[in-house]
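All remarks here apply to the structure that follows.
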Amino acid sequence: MVLDPPPLFSQINLKRKAHLRDTKQVTNIKNCSHLLIWRGKLLFGFKYGKPFPYLINHRTKLIKNLRKYIFLGEFENKNVVLWDMSDSKEVLGDTEQIGSFSDSERNYHPDLPRGTYFCDLRSLLPILGANYANLCATAKGMHEWQKRVNFCQSCGGKLTSEKAGWEKTCKKCNFKQFPRIDPVVIMLIKKGNDILLGRSHGWPKKMYSCLAGFIEPGETIEAAATREAMEESGIKIKNVKYITSQPWPFPASLMMGCTGEAQNRTLKIDKDELEDAIWVSKEEVFRALNGLDKSIFMARKGAIARYLIENWVAGLI
Ligand SMILES: [Zn+2]
């Protein structure tokens, strides 16, 4: 048994309705709502300080002028279409933080309703409601794929978006490409009353989290967890157990959360991968989670690492 609700993004409440992706006029189907994205930042409204993806219920003039769209599926009885307005020069606010680890700037467009802002999804994780999270993850993940994949992997020809944004086809050689995700294993490594936490270069100061790494071709989840733990920290783990998964659209990961039991304690840190790694006791983790110890910050709310750590403190994993 693990804590309920599941990690953020993992509560599935978007009906994808893949059969509608074939529809020629998918943007005109009944019950359509429109969501906007600008340079990777989704449009949000705020109610009592809490963000929600701002859905526009008719095709305004601004939306009619946009060309790139993705049909996301049905959310709260509305068919949601995502429109890319990254080319707009009219969005205001600072752009310096775009693409950084933490972009807290709220950009806005003067023709959109007051109080709506283009926000970095990652910066909103601690306050984003679980009911909106899966829609946001799908929108962000699909936008990232659309943005990055423009040329044919087979012949280098230009790709054309089809199936309401869910396929890309090369007109030269007919090769088709589909949205892809990168599986990542993330491990809560346990030893007695302690867990192993690490921090990467460039993270916010004092922030620590579980070790993680990409699964390579030919590997199982268990093998990748064992290899990554050894490579990054010199710790040999056994009894790797899969706990749960989380879509992580920054830009295209699927996090596979596991636990593993450490066989040794002496760390041999790969400084190219990690800036630091430490053993932390359950009492220290509890204090840090509750803001009682300012010398260490746990993985942020909304991240699967935080979910694994909270389950461990609760004695569930
Ligand atoms: Zn091609």
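Remember, it's 1-based here, ligands and their atoms both numbered in the order they're listed.
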Would a hydrophobic clustering, with Ile, Leu, Val, Met, Phe, Trp and Tyr connected at side-chain separations under 4.5 Å, put Met255 with Met142? yes

Under 4.5 Å between side-chain heavy atoms, counting indirect links through other Ile/Leu/Val/Met/Phe/Trp/Tyr residues: same cluster for Ile186 and Leu196 or not? no

Aromatic Phe250 / basic Lys140 pairing, under 6.0 angstrom, 45° off normal: no

Below the 2.8 Å mark, what number of protein N, O or S atoms do you get around the Zn ion (ligand 1)? 4

Would you call the rings of Phe118 and Trp38 parallel, tilted or perpendicular, taking 30° and 60° as the class edges? tilted

Are Phe75 and Ile12 connected in a single hydrophobic cluster, I mean Ile/Leu/Val/Met/Phe/Trp/Tyr linked by side-chain heavy atoms less than 4.5 Å apart? no

For Lys171, the salt bridge (Lys or Arg N to Asp or Glu O under 4.0 Å) test, sequence neighbours excluded, returns Glu162

